[in-house]
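Written below as structure tokens is the structure these notes are about.
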Amino acid sequence: MDEIKNDFKSALKVQEGIDQPSVINPHLSKAIKTGKKNILTVNEYVDGILNSNRTILSKAITLIESSLSEHQHLAQQIIAQCLPMTGNSIRIGITGVPGVGKSTFIEALGKHLTANNHKLAVLAIDPSSERSKGSILGDKTRMEALATDENAYIRPSPSAGSLGGVARKTRETIILCEAAGFDVIFVETVGVGQSETAVHGMVDFFLLLMLANAGDELQGIKRGIMEMADAIAINKADGENKKMATVAMSQYKNALHLFPPTDSGWIPEVTMCSAYTHDGIDNVWKIITDYCDFTKNNTYFIAKRQHQATKIMLETVNESLKDRFYADESIKQLITKYQQDILEDRISSYVAAQLLLDNYFKEK
Ligand code: GDP
């Protein structure tokens, strides 16, 4: 028995007189402590994205969404390297009030596209996060068939933040998705707030989903949102609803006639579909491709993208000026002080604002 014990050469056996190494790889423990375990190099991220590696794509998007400045710095380098490989997709904004059937529609159109060899990325803008704490696409039960489709990629909306911030993250996410080979990008938004304008500023085509006869003729959709639409699709045109959808179609066609002509020269289309039975879904896609052909022929397509690019530059400057200003420690302290001064009538809001700006720019 003793012999066996002595011959037992375990790797775990401690030999006296020899310094024993730590059981934990020191580099690993350092990585865990600093939280750097999952950070790859810029080239690793870019290679992964260009090879359509979804895990790496998701990690890179997480960097875009992070508020840590080192993550932001890395994200910007990745975006810069991916940028030349982008731009070859169709970017489509999809909006409509909650309950109109956006996720059902996106799934129906999405499956139609992946069946026709397209690769689809579905993103969202939901800064208000009025629904389901967090994100409108965060609910796992939405778009189940699309979520398991290998030619589709669904990314939940970044967690709540300012509209400008969320819009920037979504725009940057579009770039990475295009570099990863997705040729159709959907950006979903809830058609009730300001996010439509932000989405309109980052897509080629803007689709408004509506319901027939849902009480109020315009269903709380503001005129401005209707004016932005390149097409309106009356959803849930199935069963008994079909008749009403046909009536609604002509009502909306008439309503659109009253709007000023669009810059693109395209006359917005009104159609109906059922995300449920898939009737009319292929026609919605035909309208979108007709629009692309039309605007590529008259050069509006590229002009719009160039215009968006300039606007994005200015918006990025606006956003980062604001972020830096409010993150500045002395500004933070001054704001607290002036708030009190304003309350006690020692200073006016305008003078305080000017002093804050003077103070910030004097230091720079
Ligand atoms: P969202 O809030 O706009 O994303 O709407 P959902 O896609 O979650 O759909 C809301 C409800 O409408 C769900 O119960 C869907 O099953 C239903 N729905 C969606 N599309 C259709 C459709 O084309 N026809 C019918 N009859 N019901 C639909």
(request) Show the numbers, then the answer: is there a side chain to side chain donor-acceptor pair (under 3.5 Å) between Ser195 and Thr189? (result) CA-CA 7 Å; Ser195 41; Thr189 173; 2.9 Å; yes

(request) Provide the closest heavy-atom pair for Asn53 versus Ile56 in the form atom of the first, atom of the second, distance. (result) OD1-N, 3.1 Å

(request) Considering non-hydrogen atoms only, spot the tightest contact between Gln72 and Ile64 and give its length. (result) NE2-O, 2.9 Å

(message) Nearest 0.5 angstrom please: Phe206 CZ to Ile225 CD1, how far?
(response) 6.5 Å

(request) Check the hydrophobic clustering (I, L, V, M, F, W, Y; side-chain heavy atoms under 4.5 Å; chains of links allowed) and say if Val100 and Met244 are grouped together. (result) no

(message) Please determine whether residues Ile342 and Ile331 belong to a single hydrophobic cluster, defined as Ile, Leu, Val, Met, Phe, Trp and Tyr linked transitively by side-chain heavy-atom distances below 4.5 Å.
(response) yes

(message) Is it true that, when you exclude Leu68 itself, more than 12 heavy atoms of the residues, nucleotides or ligands shown sit nearer than 6.0 Å to its CG?
(response) yes

(request) Each residue besides Met313 in its hydrophobic cluster should be listed here, by chain and number; the cluster joins Ile, Leu, Val, Met, Phe, Trp and Tyr at side-chain heavy-atom distances under 4.5 Å. (result) Leu314

(request) Report the residues that fulfil side-chain hydrogen bond (donor to acceptor under 3.5 Å, both in side chains) with Ser52, sequence neighbours left out, ordered by chain and then residue number. (result) none

(message) Same cluster or not: Tyr252 versus Phe259, using hydrophobic residues (I, L, V, M, F, W, Y) connected whenever any side-chain heavy atoms lie under 4.5 Å apart?
(response) yes

(message) Is there a side-chain contact (heavy atoms from CB on, under 4.5 Å) between Ile154 and Met143? Walk through the geometry before answering.
(response) CA-CA 9 Å; Ile154 301 179; Met143 304 183 219; 3.8 Å; yes

(message) Using every non-hydrogen atom in the two residues, find where Ala229 and Leu208 come nearest and quote the distance to one decimal.
(response) CB-CB, 3.9 Å

(request) Over all heavy atoms of both residues, which pair between Lys102 and Gly96 is shortest? Give the atoms and the distance, please. (result) NZ-O, 2.7 Å

(message) Please report the interatomic distance CG(Leu123) to CZ(Arg171), rounded to the nearest 0.5 Å.
(response) 13.0 Å

(message) Please check: side-chain N/O of Asn298 versus main-chain N/O of Ser264, any donor-acceptor pairing under 3.5 Å?
(response) yes

(request) Can you measure from CE (Met202) to CD1 (Ile185) and round to the nearest 0.5 angstrom? (result) 12.0 Å

(request) Can you measure from CZ (Arg54) to CD (Glu150) and round to the nearest 0.5 angstrom? (result) 7.5 Å

(message) On a heavy-atom basis, which atom in Ala179 and which in Thr86 lie closest, and how many Å separate them?
(response) N-CG2, 3.9 Å

(request) Applying side-chain hydrogen bond (donor to acceptor under 3.5 Å, both in side chains), name anything that partners Lys253, two or more places apart in sequence or on another chain. (result) none

(request) Would you list the pairs meeting salt bridge (Lys or Arg N to Asp or Glu O under 4.0 Å) in which at least one residue belongs to residues 288-307, sequence neighbours left out? (result) Asp204-Arg305, Lys286-Asp290

(request) Just jot down the side-chain hydrogen bond (donor to acceptor under 3.5 Å, both in side chains) partners of Lys111, sequence neighbours excluded, or say none. (result) Asp149

(message) As a quick check of understanding, evaluate side-chain contact (heavy atoms from CB on, under 4.5 Å) for His278 and Phe105, giving each step before the final call.
(response) CA-CA 8 Å; His278 294 199; Phe105 173 87; over 6 Å; no

(message) Does anything in residues 337-353 form a side chain to side chain donor-acceptor pair (under 3.5 Å)? List the pairs, not counting sequence neighbours.
(response) Lys337-Asp341, Gln340-Glu344, Asp341-Arg346, Glu344-Arg346

(request) Report the residues that fulfil ring-ring contact (aromatic ring centres under 6.0 Å, His included) with Phe186, sequence neighbours left out, ordered by chain and then residue number. (result) none

(message) Counting only heavy atoms not in Phe325 (residues, nucleotides, ligands), do more than 12 fall under 6.0 Å from its CZ?
(response) yes

(message) Tell me which pairs pass salt bridge (Lys or Arg N to Asp or Glu O under 4.0 Å) where either residue lies in residues 233-245, with sequence neighbours left out.
(response) none

Can you list, pair by pair, the side-chain donor-acceptor contacts under 3.5 Å of residues 74-85, counting residues two or more places apart and other chains?
{"residue": "Gln76", "atom": "NE2", "partner": "Glu172", "partner atom": "OE2", "Å": "3.3"}

(request) Sorted by first residue and then second, give each ring-ring contact (aromatic ring centres under 6.0 Å, His included) pair with at least one member in residues 287-307; sequence neighbours left out. (result) Phe205-Tyr291, Trp266-Tyr291, Trp266-Phe294

(message) Please enumerate all residues that pass side-chain hydrogen bond (donor to acceptor under 3.5 Å, both in side chains) together with Thr295, with sequence neighbours excluded.
(response) none

(request) Measure the CG-OG1 distance between Leu146 and Thr104 for me, rounded to the nearest 0.5 Å. (result) 11.5 Å

(request) Return the minimal non-hydrogen interatomic distance between Ala60 and Ile49, and the atom names on each side. (result) CB-CD1, 3.8 Å

(request) Can you sort out the partners of Tyr326 under ring-ring contact (aromatic ring centres under 6.0 Å, His included), two or more places apart, ordered by chain and number? (result) none

(request) Quick one: do Asn359 and Ser330 satisfy side-chain contact (heavy atoms from CB on, under 4.5 Å)? Show the steps, please. (result) CA-CA 9 Å; Asn359 190 289; Ser330 67; 4.1 Å; yes

(message) Nearest 0.5 Å, please: how far is CD1 in Ile232 from CD in Gln251?
(response) 11.5 Å

(message) Under 3.5 Å, is there a donor on one side chain and an acceptor on the other for Thr62 and Arg155?
(response) yes

(request) Indicate if Tyr276 and Leu211 have the same hydrophobic cluster label, given that clusters are the connected sets of ILVMFWY residues with side-chain heavy-atom separations under 4.5 angstrom. (result) no

(message) Tell me whether Leu207 shares a hydrophobic cluster with Val97, the cluster being built from Ile, Leu, Val, Met, Phe, Trp, Tyr side chains joined at under 4.5 Å.
(response) yes

(message) Set out, in order, the CA-CA distance, both residues' side-chain angles and the distance that settles side chain to side chain donor-acceptor pair (under 3.5 Å) for Asn43 and Thr41, then state yes or no.
(response) CA-CA 5 Å; Asn43 284 344; Thr41 65; 5.6 Å; no

